[in-house]
Amino acid sequence: MSEDASQLPGALAAELRSIVGNDGVVTRAEELLVYECDAYTLEKRLPQAVVLPRSTQQVADIVKFCTKHDLPIIPRGAGTSLSGAVLAVSGGVMIALPRMNRIRSIDVRNRRALVEAGCVNAWITQAVKPHSLYYAPDPSSQPACTIGGNVAMNSGGPHTLKYGVTTNHVLGLELVLSQGEIVWLGVTPEGGEAVDGIDLRGVVIGCEGMFGIVTTVLVRLERTPQAYKTLLGVFESVDDASQTVSDIIAAGIVPGALEMMDQLITQAVEAAYHFGFPLDAGAVLIVELDGLAAGLDEQAERVAALCRKNSAREVRIARSDQERADLWKSRKRAFGAIGRLSPNYLTQDGVVPRSKLPEIMRFIRATSERYGLRIPNVFHAGDGNIHPLVLYDERDPDQIRRAIAAGNDILEKCVELGGSVTGEHGIGIEKIDFMGRQFNADTLEAMQQLRRVFDPMMRCNPHKMFPGSKRCGDFAPRKQIAS
Amino acid sequence: MNVKSETSNHALSPKGIKELQAELRHAHEAKKRLCGVDLRALSQVLEYAPEDMTVTVEAGLTLAALKKALQTHAQWLPLDPHGCETLTIADLLAYNRSGPRRLGYGTVRDYVIGLKAVLPDGRLIASGGKVVKNVAGYDLAKLFIGGGHSLGIVVEVTFKVRPMPEREQFLELQVDSLTEAGRWIETLSMSSLVPIVLDLHHLEPTGPMTLVIGFAGTATDVDWQVGEAARLGMATCREARVRRAPESSVSPDYEATPGARSNSPLRVGIGDLGYWDDFWSQTERVHRWSVLPSRLTDCLAGIAALPFIAHAGNGIVYVRGGGQPPRSPTTTALLHRLKETFDPHHILADLP
């Protein structure tokens, strides 16, 4: 396969234009800059061309073009990946899908929607809300990220403990394979939900763009919960807040969301937005219950009691939609508040069993001291998915080095505690070196064999995920975009 | 597990994973087709962390035994295929078995967070892990769900589990026609109710049809839904008979709430649904139809005289007798490539 990442020869660019039209091909270097990286900004490489198709057939034709000219293919949604999953490591043709963004149909009665892969995640809920329906997986980037990207990464968000992740909400999908063949996997728009045989749809979800290009997705819609009850607890320590989480689970309550912020984040948020949090509060815990209105008040009282049992200084309960939105602001603005603390930060993503949360938090504090860098934490406490934010200043190359090392130490510890090196952001290029820590050689080989079933030439999104992948040559650290 | 084979009657009964690996490797090298793998020796609960709501088991364990282990901490795996006394976890995954509660809780693919399997050539591979949120690597587990043991033998599975609901309550209503059944189904689907079961059953060819609706959650939630169902016109229905689980499923936390009816047969915990088990206890061949829920009554019109159970909220019908339902189109080329990749000597079952 051609590794030459210089610009595409004119004749080839013209061939691409004949497929998607003149306004669908980007080949000038200054215009390609937008596509040099995704939200993982530590590595950058220009693709040789970016193509913006409007239909599945155009995608198939572009793929055939790439096969004919032996070019790598990089599928792209909105480019919000935090792990470099959309990086054009060896150049190639980036197939960007934002122009395939329509909601084709909504079936209210059967709770399904058929959407193009470039459709923004949040648009689905917006469109079906009037029918008391919504699309459950809501990663924080949902105002920008696309459903195709969600499928590639098996995206999560804050509501996964109760509602699961993308694979639990995608019924079927259309995939363009690396030689241009178009297949439909899983439930069809007019078909029943029980499909016999091996769950190929499930195998493709989370493949990080390596099995082909997802062009259309049939999603499951959920009934909007009748009511919400949101509480916010202010705790002396992360340990107390974590114990509260354990007690809530032990009481048989499964909240819709359970979000925790530690002291550093709380301080930043308080300085920026004045929510009235004490600056010496160890942790803030947001608990959101949802379901039938009838039983929510008593559940909320039980949760409040558990907070108080664990020495919560204060428990706020939202009494209206506005108060609920206010409680959530503190969490949703957390990343925006980081700017007060540091010019740069690395967003890490790891998972531990929930019962190990206090231990990983202690380890993160120790890591912070060891490397002399502050590491505030925001995390999905219900499912053990942590997001340590390693603060650094990019003007100091030693800090960059230490930040990466600190993040790596935390991920190693996650594996040691029985967790995972990624809960949501995927492997991409960021965590290639960790795959060998989490999976044995036979498993990695089986994964590559599976990939070659779909893509024998490994043309789709090459140089990702697996140890031994080629890397981008240079290394130009830049400020991290907020997640 | 028994896989039909026309060439061999060689079945394996490994005592452990390493033995299974060696035996599969041997069969693979000798190109000797197997007719089955008996996993009874691999039937332990390996690790159960109630505080994490996860459990790891060997695949020869039965679903009933797993549920019993979880009950001790008032947790459960909300999967209710029939015959869970003898259904192994391996077969639960391989045949993607489900039951009436799939409406409220989903199916086995929604609960598997990790597994280990032995491939035909003897390699032991893993997928996922022990945590409920995990996107490291490809989701290999999905190769083994619904695959009928055709790509490998699952030996260990990690599930995420849920707390048992405080209460489950079932109501049933006799309906005189498909039209009436259809009206009820539409009304219930568009209401604020969130049933975990909505079945229409017709067990005797000349008998009546019965609509069963089940609610689960806190006692308050269940009471509200029962009241709401009455308000919608289901006041004439009676409590559905639910067979108790073989061991008492009442845990110390299951106290009768003040509002519960004192003679309710359902105050206890999660039970098997009698009509579901009865349907499968007969021997005649059962076909499964799967249609859009909105098309269910049309689908039933053709088979209404036969014994059937329909999961009305899911558009799935199990019919005893009658014609074969149309097969859903398959991606033959991809599936064959999968088989040729992982089981080139065809020592395991054919693709389903």
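No experiment lies behind these values; they were computed from the predicted model shown. We use all heavy atoms of the structure for the numbers below, so side chains are in, but hydrogens, waters and symmetry mates are not. In the text below, chain A, chain B and the rest are named by the order of the sequence lines, each starting its count at 1.
Heavy atoms of B/Val222 lying under 4.5 Å from chain A are absent altogether. Contacts of A/Asp107 with chain B are made by side-chain atoms alone, with heavy-atom separations under 4.5 Å and no backbone atom involved. Only the backbone of A/Pro189 comes within less than 4.5 Å of a heavy atom of chain B; no side-chain atom from C-beta onward does. Proximity to chain B (any heavy atom under 4.5 Å) is shown, for A/Ala194, by both the backbone and the side chain. Residue B/Phe342 touches chain A through its side chain alone, counting heavy-atom pairs closer than 4.5 Å. Proximity to chain A is limited to the side chain of B/Leu140, based on heavy atoms less than 4.5 angstrom apart. Neither the backbone nor the side chain of B/Gln75 has a heavy atom closer than 4.5 Å to any heavy atom of chain A. Heavy atoms of A/His380 lying under 4.5 Å from chain B belong exclusively to its side chain.
Of residues 169-178 of chain A, those residues with a non-hydrogen atom less than 4.5 Å from any non-hydrogen atom of chain B are, in numerical order, A/Leu177.
Looking at B/Ser189 and A/Arg111, their side chains never bring a donor and an acceptor atom within 3.5 Å of each other.
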**OP:** Check the pair A/Arg201 / B/Arg109 against side-chain contact (heavy atoms from CB on, under 4.5 Å), numbers first and verdict last.
**Re:** CA-CA 12 Å; A/Arg201 154 208 49 166; B/Arg109 70 188 299 279; 3.3 Å; yes
**OP:** Evaluate the criterion side-chain contact (heavy atoms from CB on, under 4.5 Å) for residue pair A/Glu190 and B/Arg295; output intermediate values, then yes/no.
**Re:** CA-CA 10 Å; A/Glu190 300 292 309; B/Arg295 297 192 186 150; 2.4 Å; yes
Original post:
Taking it one step at a time, do A/Asp383 and B/Lys133 satisfy salt bridge (charged side-chain N to carboxylate O under 4.0 Å, His left out)?
Top reply: CA-CA 6 Å; A/Asp383 51 38; B/Lys133 206 138 165 218; 3.5 Å; yes
Subject >> Verdict with reasoning, B/Glu51 to A/Lys356, per salt bridge (charged side-chain N to carboxylate O under 4.0 Å, His left out) >> reply: CA-CA 10 Å; B/Glu51 62 277 17; A/Lys356 301 278 195 270; over 6 Å; no
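When B/Leu193, B/Thr107, B/Leu119, B/Leu124 are compared by the number of non-hydrogen pairs under 4.5 Å with chain A, B/Leu124 comes out ahead. In terms of heavy-atom pairs under 4.5 Å with chain B, the best-connected choice from A/Leu185, A/Thr160, A/Ile427 is A/Thr160. The choice from A/Asn440, A/Leu444, A/Asn110 that makes the most heavy-atom pairs within less than 4.5 Å of chain B is A/Asn110. Each of A/Asp196, A/Val245, A/Ile249 has some count of heavy-atom pairs under 4.5 Å with chain B, and the biggest count is that of A/Asp196. With chain B as partner, the option from A/Thr422, A/Val421, A/Asn385, A/Leu450 having the largest number of non-hydrogen pairs under 4.5 angstrom is A/Thr422. Ranking A/Thr167, A/Leu296, A/Val254, A/Val187 against chain B, the residue ahead of the rest is A/Thr167, based on heavy-atom pairs under 4.5 Å. Taking B/Thr220, B/Val131, B/Val135, B/Ile125 one by one and counting their heavy-atom pairs under 4.5 Å with chain A, the maximum is reached by B/Val135. The residue among B/Pro163, B/Ser98, B/Ser290, B/Pro352 with the most heavy atom pairs within less than 4.5 Å of chain A is B/Ser290. Of the listed residues (B/Asp139, B/Thr218, B/Asp52), the one with the most heavy-atom contacts under 4.5 Å to chain A is B/Asp52. Counting heavy-atom pairs closer than 4.5 Å to chain A, the top-ranked of the candidates B/Ile145, B/Leu334, B/Ile316 is B/Leu334. Heavy-atom pairs under 4.5 Å with chain A peak, among B/Ser150, B/Gly217, B/Ser192, B/Ser127, at B/Ser192. When each of A/Met210, A/Glu424, A/Arg223, A/Gln438 is scored by its heavy-atom pairs under 4.5 Å with chain B, the top score falls to A/Arg223.
Between A/Ser355 atom OG and B/Met53 atom CE the span is 11.5 Å, to the nearest 0.5 Å.
Taking every heavy atom of both residues into account, A/Met465 and B/Gly137 meet most closely at SD-CA, 3.9 Å. What you find for B/Ala136 and A/Phe439 is that their closest heavy atoms are O-CZ, 3.4 Å. Between A/Gly418 and B/Lys130, the shortest heavy-atom contact is O-CB, 4.1 Å.
Contact of the A/Glu193 side chain with the B/His311 side chain is not registered, since no non-hydrogen atoms from C-beta on lie closer than 4.5 Å. Residues B/Glu186 and A/Arg109 have side chains in contact (heavy-atom distance under 4.5 Å, counting atoms from C-beta outward). Residues A/Leu200 and B/Leu338 form a side-chain contact, since some pair of their non-hydrogen atoms from C-beta on lies under 4.5 Å apart.
For B/Arg337, the CZ atom counts as densely surrounded, since its 6.0 Å shell holds more than 12 non-hydrogen atoms of other residues, nucleotides or ligands. Heavy atoms of other residues, nucleotides or ligands lying less than 6.0 angstrom from NZ of B/Lys116 number 12 at most.
Checked against the 6.0 Å centroid threshold, B/Tyr138 and A/Phe454 do not count as a close aromatic pair.
Sorted by first and then second residue, the salt bridge (Lys or Arg N to Asp or Glu O under 4.0 Å) pairs with a member in residues 439-451 of chain A read A/Glu445-B/Arg123; sequence neighbours excluded.
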